[in-house]
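Report on the structure given below.
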2 protein chains.
Amino acid sequence: MVIYAGQGDPRWSMDVMWGNRVSNLRPGPKPGLSVELIIDAAVGVADIDGMAGLSMRAVGEKLGRTAMSLYTYVPTKGDLVDLMYDRVLGELPTHYEPRLGWRGSVTSWAEDHLEFHLRHPWTLQVSQARPVLGPNEFAALDTASGILHETGLRPPVLRGILGVVLHYVRGAARTEAEARAAAEETGVSDEDWWHSRSPLLVEVAPDFADRFPMAIRMEQDKPAPPEDPKKPYLESAMAESFAMGLEVILDGIEATMEKAKAG
Amino acid sequence: MVIYAGQGDPRWSMDVMWGNRVSNLRPGPKPGLSVELIIDAAVGVADIDGMAGLSMRAVGEKLGRTAMSLYTYVPTKGDLVDLMYDRVLGELPTHYEPRLGWRGSVTSWAEDHLEFHLRHPWTLQVSQARPVLGPNEFAALDTASGILHETGLRPPVLRGILGVVLHYVRGAARTEAEARAAAEETGVSDEDWWHSRSPLLVEVAPDFADRFPMAIRMEQDKPAPPEDPKKPYLESAMAESFAMGLEVILDGIEATMEKAKAG
DNA sequence: CAACGTTACTTTATGGCGTAAGGAGATGCA
DNA sequence: TGCATCTCCTTACGCCATAAAGTAACGTTG
C-alpha cells in the first residue's frame, strides 16, 4: 500500500487546479484527451475499484488509450491523484445555514463528509501530511473554519477541535468503507464472516470468557446488523453509533466553551 | 495502496496466534527458519520501510533466504501481516492503575496507543473491518473496555465513546506518521516545504485572502515547529494539540456521564 | 543399508505495476 | 516543402505476489 503524493513539478499541478492553464495552439496532432477527461476517468476507476485498482493502464483503457499515452497530459500518477483529490473535494458543500447554530452545522458538516468519503473511499488513502493546495481543499477548510468560529473559541483550540471532528469522521468512514470492501472482495457478509469465525475462536481459546470478561461486557446490547446493504449509511442501524459518538464530541465542545467563558 | 487482510485458511493463523501449534518431528531437512523468526524480521522491515516497503523479498533477504522460501512457513503475505499485527499489539499495556480514575487512565491509554502507532506506523494500514481475532487484539479490547466501564455508562454508549477515542488517536498518529514519512522520503522538512510552496500559492491565487478569510483566521497563533525531530512526539510542541483535542473528548465523556445521571 | 516419501529451499515463470526510451504519424508554421 | 512539435504507440526495466517444478536433505520403513 502506498500513500500517494504528487512529486512532479509542484507548479504544474497548482496551475491545473487553479485554472491557470494556457492552451495556445501548437503544431502537432490535436489532443484527443485532456487533463480534465483523465481526472474524470481516474475518479471513476477509483470510486469502483479503490486506490488499489487505480492503475494508469485501467484509466487508459477506460479512455480507449494505452497507459503511456496518459503521460502526455500528466507527469506522474502521484500528480494525477492530487488532481483527483481536489476535484472531488469540490462536491462538498461550502455553506451551512447560520440559523442551524454551530451544533447543527457541525452535525450536517460531519454527515456530508461521511457520505463524501463513502462515495470516494480512496480519498481516505490520500496523505494529509502535505496538502494538495488546491482551491477546493482551501474552500473545505474555510467552510469548516467558518462553522467553528461561531463557537467564539480561539484558533488554537479550534484547531484541536477540528482535528477531533475530522479524525472521527474519517475514522468512521474508513471503518465502514473497509467493511464494505471486505464484503465485496470476499463475497462474504460481515454477519456470515462472524458466524464462520466464532466457532473457531471457541475451539482455539476455550477460556475466552475468563480471559477477556470486559471485552464481552462491551458487546452487550448490540444493534441488529444492517437490513439492506444498499441503504445509505446514514439511514442504517450503524449510523446510530456514528451519531452517538458525534454527540459526545459536541458535548465536549460545549463544555470547552463554558470553560472558556468561565475562565 | 492495499489494505491487507489474511485470506488463507483462517484456522492456520489462529492456531499460530493462540499457540496451538504442533511441532511433531517429520522427515525432511531441518527447518532453518520458523514462523516466529519470519514475523520478527517482517516487523523489522515494516517498522523501517513502512507497509509499502514490506515485500516477501525484503523479508527473505533479511533472513538470508529467497522470497519463495518463506512460503514454506506462511501461506500468504496477508496472513503474515495478520500475525505481525497481533504480535506488536502485545506491546500495549494491559493494566492501568485504578487510582488514576477513568480520566487519567484514558489519557495514558491514548498516549500509549499514539506512541505504539508511531513506533509501528504500518499498523495504521491494517484493516479494522475484520479483526485478526488474536489474543493480543482481544487483550487490547479488554483493557480499553475495563477503563471505560469505570464511567458507569452502558455498553452501547461506551462503544460510541471507544470509537471516538480510537479514531482520534489513530487519526492523530496517522497524520504525524505521514508527516514523518514525507520528510524522510523527500528529504525536505515540513518547514522547508511550506517555504517553497507559499510563494507559488501567492502567485497562482492572488485573491487568496479574500476567498478564504476563515481559513486564514484559523491559522492564527500557531505554535513553533518541532525543534528537534528526534525528540519523542509526546514531548514536542505538536503534542500540545493532541492533548487539547483529547481534553475536548474527555469533557464530552464527562458531560455524557452527567446527562446519564440526570436522565 | 537402500528405497521412499516428506520437507526446505531454489530457480523459473506469469501477470500485474509505474514509467523510461524511442519511434511512427499527424499537424501548424516558415 | 520541409521542419519542429506534438500525440500516441510499442518495447523494456525493475519491482511486486505467488504458482510450478526441480534439487537435495532427512526420517522412516523394508
Side-chain angles (χ1 to χ4, degrees), chain A residues 1-9 12 21-38 41-42 45-46 49-82 84 122 125 185, chain B residues 1-9 12 21-38 41-42 45-46 49-82 84 122 125 185:
Chain A
M1 162 203 10
V2 181
I3 299 155
Y4 291 105
Q7 64 268 24
D9 181 6
W12 178 85
R21 298 262 67 198
V22 274
S23 63
N24 48 351
L25 208 60
R26 307 165 131 276
K30 302 246 178 302
L33 299 176
S34 69
V35 181
E36 303 304 314
L37 269 172
I38 291 172
V45 170
D49 298 328
M51 197 64 114
L54 179 71
S55 71
M56 297 304 268
R57 285 172 171 82
V59 176
E61 199 161 335
K62 191 158 190 175
L63 294 164
R65 292 303 128 98
T66 65
M68 285 313 290
S69 79
L70 305 182
Y71 286 99
T72 309
Y73 301 90
V74 156
T76 73
K77 182 182 173 183
D79 290 289
L80 175 55
V81 172
D82 282 355
M84 291 166 62
W122 53 271
Q125 243 96 291
E185 275 167 37
Chain B
M1 149 170 202
V2 182
I3 298 155
Y4 291 105
Q7 63 268 25
D9 182 5
W12 178 85
R21 300 260 61 201
V22 273
S23 64
N24 47 350
L25 210 58
R26 306 166 132 277
K30 302 245 178 306
L33 299 176
S34 68
V35 181
E36 303 303 315
L37 269 173
I38 292 172
V45 170
D49 298 327
M51 196 66 112
L54 178 71
S55 71
M56 298 303 267
R57 274 171 173 77
V59 177
E61 200 161 334
K62 191 157 188 173
L63 294 164
R65 292 305 127 98
T66 64
M68 286 310 292
S69 77
L70 304 182
Y71 287 99
T72 311
Y73 301 90
V74 156
T76 72
K77 183 183 173 183
D79 289 289
L80 175 56
V81 172
D82 283 354
M84 291 165 64
W122 52 271
Q125 244 97 288
E185 275 166 38

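Quick note on labels: first sequence line is chain A, next is B, and so on, each numbered from 1. Values reported hereafter were calculated over all heavy atoms of this structure, with side chains retained and with hydrogens, waters and symmetry mates removed.
Between dT19(C), dC9(C), dT11(C), one nucleotide has an atom nearer to the side chain of L33(B) than all others, and that is dC9(C). Comparing atom distances between the R65(B) side chain and each of dC17(C), dT10(C), dT11(D) picks out dT10(C) as nearest. The side chain of A67(B) approaches dT18(D) more closely than any other nucleotide in the set dT18(D), dC16(D), dT19(C). Distances from the side chain of T76(B) to the nucleotides dA8(C), dT18(D), dG18(C) place dT18(D) closest.
Put simply, CG on L54(A) is 14 Å from C1' on dG16(C), counting in whole angstrom units. Nucleotide dA8(C) holds its P atom 11 Å from the CD1 atom of I38(B), rounded to whole Å. For the pair Y73(A) OH and dT19(C) P, the interatomic distance rounds to 18 Å; values are reported in whole Å. Distance D49(A) CG to dG16(C) C1': 14 Å, rounded to the nearest Å. Rounded to whole Å, the distance from CG on L63(B) to C1' on dA8(C) is 14 Å. The distance from atom NZ of K77(A) to atom C1' of dC15(D) is 14 Å, rounded to the nearest whole Å.
For R57(B), a side-chain nitrogen or oxygen approaches OP1 or OP2 of dC16(D) to under 4.0 Å. The side chain of Y71(B) places no N or O atom within less than 4.0 Å of a non-bridging phosphate oxygen (OP1 or OP2) of dT10(C). Within the 4.0 Å cut-off from OP1 or OP2 of dC9(C), not a single side-chain nitrogen or oxygen of T72(B) is found.
In terms of the side chain to side chain contact (heavy atoms under 4.5 Å, CB included) criterion, T72(B) has no residue partners (sequence neighbours excluded).
Between G53(A) and M68(A), the one whose closest nucleotide on DNA chain C sits nearer the 5' end is G53(A). Comparing K30(B) and S69(A) against DNA chain D, the residue whose closest nucleotide sits nearer the 5' end is S69(A).
Between D79(B) atom CG and T76(B) atom OG1 the span is 3.5 Å, to the nearest 0.5 Å. Between the CZ atom in R65(A) and the CE atom in M56(A) there is a gap of 14.0 Å [rounded to 0.5 Å].
Looking only at side-chain heavy atoms (C-beta outward), W122(B) and D49(B) stay at 4.5 Å or farther from each other. Looking at heavy atoms from C-beta onward, V81(B) lies in side-chain contact with L54(B) at the 4.5 angstrom threshold. Taking 4.5 Å as the limit, some side-chain heavy atom of L63(B) sits within range of a side-chain heavy atom of L70(B).
A pairwise comparison of heavy atoms in V35(A) and Y73(A) identifies CG2-O, 3.6 Å as the closest pair.
Among the protein residues, M56(A) comes within range of the sugar-phosphate backbone only, with heavy atoms under 4.0 Å from sugar or phosphate atoms but none that close to a base. T66(A) comes within 4.0 angstrom of a nucleotide base, judged by non-hydrogen atoms across all strands.
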Below 3.5 Å between N/O atoms, which protein atoms pair up with nucleotides 1-5 of chain D? Just atom names and distances, please.
none

